[in-house]
Structures are given as structure tokens and as C-alpha cells.
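Atoms considered below: every heavy atom in the structure, side chains included; atoms not considered: hydrogens, waters and symmetry mates. Just so you know, these numbers come straight off a predicted model, no measurement behind them. Chain letters run A, B, ... following the sequence lines, proteins first and then strands; every chain starts at 1.
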Amino acid sequence: MRIKINSMSIVSLLESAAVNATKELFGHDLQPGQLPLTPTRKEFAGDYTLVVFPLTKIARKSPDAIAAELGEWMVSNVEEVTGYNVIKGFLNVELGTTYWNNFLRKAVNTKNYGRQAPNGKRVIVEFASPNTNKPLHLGHIRNILLGWSCSKILEAAGYNVINVQVVNDRGIAICKSMLAWNLFGEGETPESSGIKGDHLVGKYYVAFESRFKEEYAAWQASSTGKEIVENHQKENETEAEFFGRYKNTYFNEYSALGKQAKAMLLAWEAGDAETVALWKQMNSWVYAGFDQTYAQLGVHFDKLYFESDTYLLGKAIVEKGLSDGLFQKKQDGSVFVDLKDVGLDEKTLLRKDGTSLYITQDLGTARIRYDDFGAKHMVYVVADEQNYHFKALFETLKKLGEPYADGLHHLAYGMVDLPTGKMKSREGTVVDADDLMAEVIGEARENTKERGELDSLSADEREDIIRKIGLAALKYFIIRVTPQKRMIFDPKESVDLQGQTGPYIQNAYVRIKSVLRKAGELNSGSFEDYRGLEEQERELLILLAKFPELVEAAAAEYDPSEIANYCYALAKEYHRFYHEHSILNCDSENVKKFRLDLSSLTAEVLETGMDLLGIEMPDRM
RNA sequence: GGUCCCGUAGCUCAGUGGAUAGAGCACCUGACUUCUAAUCUGGCGGUCGCAGGUUCGAAUCCUGCCGGGAUCACCA
């Protein structure tokens, strides 16, 4: 017997069937998607549900009558539909077991089920983009996980993806670390101290800030300080509030440390050999440290752009735009673009002294990346505090007529808060990325020890699995939240290994792997039609069938959390199935074959889905 | 003040036009001589911020208000 398998997904097949049926029965052309089609809720019979209310005006019949007519039509015209039932205007379409048997036979033998063929388009994803004066923290982790996942999802949706980051390696911040190291460092290096490079540089940034704080406090008590408060303090403002507000002015105008740091910045910009050498030295320590953190997180980049290399290049673009009449120059010499026609404001592109700004650099890097890779799509993964910046940037690039200007997307995400409130470096509440990873892995190690499941493995194998489990807990905890939302990160919950967590999903996979190991060699897809589908089996098949569309939707919306929630739903359904039904010991050899295939497809989809989130799966745990 | 984002169970989050709004945590409860119990079963828990409007149907769309956050630099 020839097996007829439609290449269309079942959802689109039913949708187009609904369009045809409406045309034939009621003589009306339906727009695709006008009739909502959803999986049938568990309490009703059927696989997919068509809501027919929108047709009542067209057909001028009762919803139940319409649903019945559509149901009849589907049964006689659509091979896959074997029955239907109608409840209150909801048409529950029943697919025969043949359909699901065929689906499983085909999917289990599909290589890379859920991944699309290459679409020939190239996209650049920018993420991480740290400053080089401090180590990475929890906020960077959210950024990096989103960026990496987004990159993997776009790849699965058929794009050729390039991962890049822009490193802010210049400016006053790194000069503060450099100065503090010069003043108090006594030649300390990562090697001499055993401190990871980025942490060492961060240590001197903190040292600078605390010395500066002392200096500022002393100044506040001095006669100059007292005079300033009296003359500049606003009504209803406490002394502390005033000095909080005044800090930048103090740094720029009075501070001895501020003066030295600024002198260092000037020396750097002038190319002073000694300063540049120190700058290179300290940045190289930072990069070595970052590389370790990235490796531990399991991410990598195809290309790095350094602001020190690119910060001048945007200027040429602005000058060109000025001479083309796209931008305007003010009397004081500054250059701006007028974005009022697109609902924004005037945006300065060059300072009056001709130096470049943040946006100037971004204009330059956008052009350079296009020249490097020819990608017409770019995704910027940057926190939502920069929403306005990216609107202005994208509109400016449109005005310039850049060929990629319509393919730009800012993947904005909310800040990460702690249960105690915002992370504040001044209050020492910033959660360090390396510490956090070590902590979740430690928690996984404790739990693994208690369970004893891995005792027979070598120490290396065991440690590798423990790392996968710990990182899964951390990553899943962060990536499951919708990017747009601000999220609360509770360190206690992030190390949970039970419930809606990464390890819960890994556990479903591990259970399958264990069964498959015991089953031995499989001949995938060789089962005869299995008529007695159990509820959990049907639910699993419906979920599995949805996966390819889900990948496309997640790519279209740049939203990894959709994949994360799906993986949990699938794992949960599998755990239930596993608990209710025996696979290796079931009474029919054919059902056993079917269940092994169902399990191995579930494992593959879980592995793919979690891979799209940047989470690795262990074979045992 | 202008603009944008958010507001769903005690807590953390799903659900963005369809049926009686769902998970996890926490709390109470049952299930391991059986394929990994990092699992599964049952219970408890909601005026979906408030008020109008559109619709056969609204947590979801529109308007107003309240609360939280971000932003409105010749900083990045």
C-alpha cells in the first residue's frame, strides 16, 4: 500500500480546507487565518478545533448548523479528517489514526526535523557588547542568552547567521581602571595574582571608585565644598541629594583623580606610547577573561568590532550626508539630523568640536558590517533603555538610503532585577556572571552526588554532565521569560532543578535515552498502523507536529521564550506518557515499536529545541 | 510634562480575539521489588490594575484613569 503523506503541515492543510469548504458551501472567499484553528482542548473529543462564529453573517445560519455542514464537507473531501463533533459553534475535527501513524513514520525519518532549508538570506546578530572595565554580570547573561538563542533560531529558520559584538574598549571608564592600576597596582597581573583578567581590571575600577568616593567626601567637608552646597543647593534638597547630583560636575572640575583620569584619556587619544601600551595590556587581560566566560556559557562570535577601530569611521558618513543635504549644521559647528518627520526629534551626529558620538559610531559600524558580510538584515540585542537610540539610528540609516536600512531590528529586553530590587554596582549587589555559573554548577553537583546515578562514570564525564545540568537550570530560568519584560532573578529559584526548569526538560530526554539504550537497534518507522492511540500519545503527536511552525514563529518574532515554553510543555507531556504507559514491556511488539519511535522523535525535538536556547542535553543524569 | 514598555493566583511566569484563564514555586496529599521519583496523582489558590467602548465572544483590540519602569545628552 502506498502511503500518502502530504508535505503540508496539518494546520495549513486544515486551514486551506476550511477556505475551500466555505467557498463551496457558502460561496464566500475567506482570507487565510480568518477562521481560527487551534488544537482541541483536552476535555473535548477531536484534534483541531475550528471556530465558525465568523461565518454566521456570511452563511446566515446558526453556528451549529454551519459547523455541521463544514464537518460533513471535511469528512468527505479531506482524506485526513475521519470525523467531527460540534459543541456550541466549535467544530472539533477528528483526524484518523492513519494520519498520525503516517506523520510519525515520516517525521522520525526526517533529518533535522523542525529546521528549515537555507533561505539564502544573511543576517548579522549583535549581542554581548560589553565595556572592558568590568567583568560580565547577570544583565550581560540575559543579553548573551537572548542573542545566542536568537542566532540559533534564525539559523534553524534558514538564515545564514553571523554573530558579532561591538566592544567598547575606549573611553573614561577603562582609563579609571588604568589609572588605579598605575597608582595602586604595584605591577599586579592575572598571573601574579591568580585573578581572572576581567576581574582584575574590575578590581581596579572598583578601587578607583572607592578612592574617588573618599576624595569626594573629604572635599564635601572642606570649605570649598561647603560653599558650593550653600550656593547651589535647591530648595527642599538635602545635602546628600545635592552631592549625588553634583558628582559629575565635581569629577570634571575639582577632583584630582578625575583630572588624572581625563589626562589619561587625552594621552590615549593622542596616541601616547606608554598609555596605549598599558591600555593594550589591560584590555588583553579583559579579553582573556571574557573568552573564558563565553566559553563557559557556550557561545562564540564570528567577528568582533572594536570602538577604538571604528569610532572615527561614522564621521565620513555624516560628512557625506551633510554635503548631500540630508543633515544640517548648526552655527556652533555641530551636525544634526532632523527626525521630526518620523515622530522623533533632532539628533546630534557630530559634536561642535567635530568628534564623534555613540550614534556616529553605530552609523559607521552598520556600514562596515554590511561591507564585510553583505547582510541586509541586522539584529541588535540591546537593553530597552536604548529604545530611543535605535529608533533614531534606524531612521537615520533610512534617510541615508542604506541598502540594509529596512532589515534592521532592535531586540529590546527588560532589565534583570533582584528580589531586593535593582542591581547597583555602588551597593555591591551586582551578580557576577562567573560566580553565578559556578554556583548553579555547584548546586547541580550536590544534587548529583545525592542521587548517585552517575557514580559509575569517570570524574570527567560526571563533571561534564554536572556542568550541563547547572547551566541548563540557569539558562532556562532566564530565557523562558518574554524578552520585552523586565524580570526578577531570584538566585534561590535559579538553582532549582525541579518543576518548570531546564533539568526537568533534560530529565525527560535522559529517560528516553535510557529506554532507547535498552531497546537496542531500532528500525525507525517500521511499525504497522497503531489504532489504539492513547490520550498522551495523541497529545505528544500534536505537540510534535507543531514544532516546525513554532521555529518559524519564534524566528519571525525574535522570541526564544516561545521555544522555551514549548520544550517544557513537550517534556511535561512526555513525563506523563512515560508514567502511564510502559514502552519496553508493553504487550504488543508493534506498539513497542511505535512508542520507541514516538520517544525518539520527542528526544530529537527536545534536543533541537534546547539547542536553539543554547542548552546542552546530557545522555544520563 | 511628551513618548515607549509593563500590570494575570501569596511569589515567579505562560496565555494577545474563542469553550470553565493555565503552569511552576510555596502549602496540604497520595504513588518507587516495575523502562532514571531531577518524575507522576489529587487538593488549595484569580474582580486578569480600575472604568468605559467595539464584538456573537475581550486577560487579549480601542479610549480614559491608576500604579511601576525606561527614555526624552554635543554620555555610552
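Glycosidic conformation of B:C32 is syn; the angle stays within 90° of 0.
Contacts of A:D490 with the nucleic acid, taken as non-hydrogen atoms under 4.0 Å apart, are absent. Counting any heavy atom pair closer than 4.0 Å across all strands shown, A:T56 reaches no nucleic acid atom. The residue A:L357 sits close only to the backbone: its heavy atoms come under 4.0 Å of sugar-phosphate atoms, none of a base. Contact annotation for A:Y504: backbone-only contact, meaning every heavy-atom pair under 4.0 Å involves sugar-phosphate atoms and none involves a base. The residue A:M487 sits close only to the backbone: its heavy atoms come under 4.0 Å of sugar-phosphate atoms, none of a base. Heavy atoms of A:V51 sit under 4.0 angstrom from at least one base atom. Using a 4.0 Å heavy-atom criterion, one finds that A:N133 contacts no nucleic acid atom at all. Residue contacts shown for A:I488 are limited to sugar-phosphate atoms, with no base heavy atom under 4.0 Å away. Residue contacts for A:F53: at a heavy-atom cut-off of 4.0 Å it reaches a base atom on one of the strands shown. Within 4.0 Å of A:K513, counting heavy atoms only, lies no atom of the nucleic acid at all. At a threshold of 4.0 angstrom between heavy atoms, the contacts of A:K422 are confined to the sugar-phosphate backbone, with no base atom among them. Within the nucleic acid shown, A:K88 comes within 4.0 Å of sugar-phosphate atoms alone, with no base atom in reach, counting heavy atoms only. Using a 4.0 Å heavy-atom criterion, one finds that A:K330 contacts no nucleic acid atom at all. Residue-level contact check: A:F477 touches neither bases nor backbone, having no heavy atom under 4.0 Å from any strand.
Taking atom P in both B:A21 and B:C25, one finds a spacing of 22 Å when rounded to whole Å. Rounded to the nearest Å, the gap between the P atom of B:C6 and that of B:U41 is 33 Å. Separation of the P atoms belonging to B:C48 and B:G7 is 14 Å when rounded to the nearest angstrom. For B:C62 and B:U54, the P atoms lie 15 Å apart once the distance is rounded to whole Å. For the P atoms, the distance linking B:G64 with B:G43 amounts to 43 Å, nearest Å.
In this pair, A:F44 lays its aromatic ring flat on the base of B:A19, centres within 5.5 Å and planes under 30 degrees apart. Stacking annotation: A:F90 is stacked on the base of B:A19 (ring centroids less than 5.5 angstrom apart, interplanar angle below 30 degrees).
A salt bridge is absent between A:D64 and A:K88: the closest approach of a Lys/Arg side-chain nitrogen to an acidic carboxylate oxygen does not fall below 4.0 angstrom.
Judged by Watson-Crick or G-U wobble contacts below 3.5 Å, the nucleotide B:C65 has B:G49 as its partner.
Between the base of B:A26 and the side chain of A:D496 there is no donor-acceptor pair shorter than 3.5 Å. Donor-acceptor pairing under 3.5 Å, judged by distance alone, is absent between the side chain of A:T348 and the base of B:C74. Under 3.5 Å, the side chain of A:T49 and the base of B:A19 form at least one donor-acceptor pair of N or O atoms.
If you measure from atom NE2 of A:H581 to atom P of B:U39, you get 19 Å, rounded to the nearest angstrom.
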